[in-house]
There are 2 protein chains.
Amino acid sequence: MLSQAEENYLKEIYALEEETMQLVSTNALAEKMRTKASSATDMLQKLAQKALVDYTKYRGARLSSKGKSKAITIVRKHRLWETFLVEKLGFNWDEVHDIAEQLEHIQSQSLTDKLDAFLEYPSFDPHGHPIPNVNGKIVASDSILLSELNVDEEGILVAVKDSSDGFLKYLSKINMTIGDHIKVLDIEAFDNSVTIENNTTRLSISGNVAKNLYIKRL
Amino acid sequence: MLSQAEENYLKEIYALEEETMQLVSTNALAEKMRTKASSATDMLQKLAQKALVDYTKYRGARLSSKGKSKAITIVRKHRLWETFLVEKLGFNWDEVHDIAEQLEHIQSQSLTDKLDAFLEYPSFDPHGHPIPNVNGKIVASDSILLSELNVDEEGILVAVKDSSDGFLKYLSKINMTIGDHIKVLDIEAFDNSVTIENNTTRLSISGNVAKNLYIKRL
DNA sequence: AAATATATTTAGTCTTATCTAAATTTGCTG
DNA sequence: CAGCAAATTTAGATAAGACTAAATATATTT
């Protein structure tokens, strides 16, 4: 049985590995966990000793297959609960992250599976992220970041990269949501801001925002 | 913010107070928490310092009004989640206790209230226990223990006192469940076992079992 | 009321997860 | 490739919650 702290570290190592496709460094991990490098080192040593990560001193760490499967289970639970909160309880998509952070640690395989069934085996959570199935399988995504689109290209907003409160509230404010049809009208070379047409509305978003929106090309 | 350990102690102090209507002793608390008396003392001191219990050294403790309200909130969450697990996810009533022990610690007032609404404001959980409402109000019970009934008296099984796995599985085995119509046919003076008629079936239960079934007299 | 038994508290230790400060390793720069 | 900067690890401390053993208070019995 893993502690919540161990689970949280595993989840974060998984996210960093997926994002960077490289060994996870102590500093990067510590920063994401909002803790100190020495604490991250301690935890990496413990996880290594439990064979959940492959860790080489001063070099970095990656999940072992056992660790990866644990991490995916946690991600699965997180996304199922987020789906439950939005679909069944009527929360907004910008309110569910913190609650799901707690719910993802509930230990019960049968609970997870019954919840999955109750939700009718959803493939994506409210933020557009794929939900691993009971075997840990995740549907491959063919989406790219909005920042990678060229002028005149168009697509559908399928997911957000940043699921934080603040970012989601910003999207609500500019009236943008999953499923929107987006066309790139212009890209400013000097700051990478992007002018887009979204459902007939024209607006400009920063380069940073564009890097946090997943688009499926049309 | 209370730790899970603190919450669990508060819940148990509440249960003991309700059960015994007396000051809660260190030993009784330690036994319920499956820990040692010294640990219970430590926690009572901490809870007293946080003004959640009124505690007198060597005499015992009782919840302060603040502590009681915290405890009731936890009980409310526990019972709502049990109801959810049985009503919505299809668990059996003997499978939900341990999962609800975890879920009751999820921190989110709006989650609790939305769950309550989703379940359509249930008054009783699957074990027949009353669910405190959003204000902490609990419907008064007019039920008594089956062990208190006399020969020839009858009633409806409205709740169980012991919600443990083992006890609930036993009830399933003898085909007894909430709502059953029960009539006392005989009481053995030497061991307090009770012969009852339950939905036309005649069976004998031990005195201990009779002390764990709440009956509403007809 | 003294003696003994039981209940409770205190003192000191352990584990987990955190921190700061110091030591060490790696990597970059000239 | 020497030297410095940045990254990482180690050492030692802290807080929460548990434990054991010892000390103390309360309760019971004679």
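Note that the structure is predicted; figures quoted are calculated from it, not measured. The chains referred to below are lettered A, B, ... by the order of the sequence lines, with proteins before strands, and numbering in each begins at 1.
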Novice: Can you tell me how far P of C:dT9 sits from CG of B:L29, to the nearest Å?
Specialist: 11 Å
Novice: Please round to the nearest 0.5 Å and tell me the distance separating atom CD of B:E12 and atom CD of B:E31.
Specialist: 10.0 Å
Novice: Using a 4.0 Å heavy-atom cut-off, does B:T41 contact any base of the nucleic acid, only the sugar-phosphate backbone, or nothing at all?
Specialist: base
Novice: Salt-bridged, A:D54 to A:R62, with N to O below 4.0 Å?
Specialist: no
Novice: Report the distance from atom CD of A:Q4 to atom P of C:dT18, rounded to the nearest whole Å.
Specialist: 11 Å
Novice: Once you apply a heavy-atom cut-off of 4.0 Å, does B:T35 come out as touching a base, just sugar-phosphate, or nothing?
Specialist: sugar-phosphate
Novice: Would you kindly give the CG-to-C1' distance between A:D42 and D:dT14, to the nearest whole Å?
Specialist: 14 Å
Novice: What integer distance in Å separates B:N27:CG from C:dT6:P?
Specialist: 12 Å
Novice: Go through D:dT8, C:dT10, C:dT20 for me and flag the one nearest to the B:S38 side chain.
Specialist: C:dT10
Novice: Whole Å only: how far is the CE atom of B:M43 from the P atom of C:dT9?
Specialist: 14 Å
Novice: So, OP1 or OP2 of D:dA7: does either fall under 4.0 Å of a side-chain N or O from A:S25?
Specialist: no
Novice: Check whether NZ of the Lys or CZ of the Arg A:K88 lies under 6.0 Å from the centre of the six-membered ring of A:F118 and within 45 degrees of that ring's axis.
Specialist: yes
Novice: Between A:K36 (NZ) and C:dA21 (P), how many Å, whole number?
Specialist: 10 Å
Novice: How far does CZ of A:R76 sit from CD of A:E104, to the nearest 0.5 angstrom?
Specialist: 14.0 Å
Novice: D:dC19 C1' sits how many Å from B:R34 CZ, rounded?
Specialist: 17 Å
Novice: Picking from C:dT9, C:dT18, D:dT8, which would you name as closest to the side chain of B:K57?
Specialist: C:dT9
Novice: Round to the nearest Å and state the distance from B:Q45 atom CD to D:dA18 atom C1'.
Specialist: 14 Å
Novice: Less than 6.0 angstrom separating the ring centers of A:F84 and B:F84, yes or no?
Specialist: yes
Novice: Considering heavy-atom distances to DNA chain C, does A:S3 or A:Y58 have its closest nucleotide positioned more toward the 5' end?
Specialist: A:S3
Novice: Over all strands shown, is A:A5 touching base, sugar-phosphate only, or nothing at heavy-atom distances under 4.0 angstrom?
Specialist: sugar-phosphate
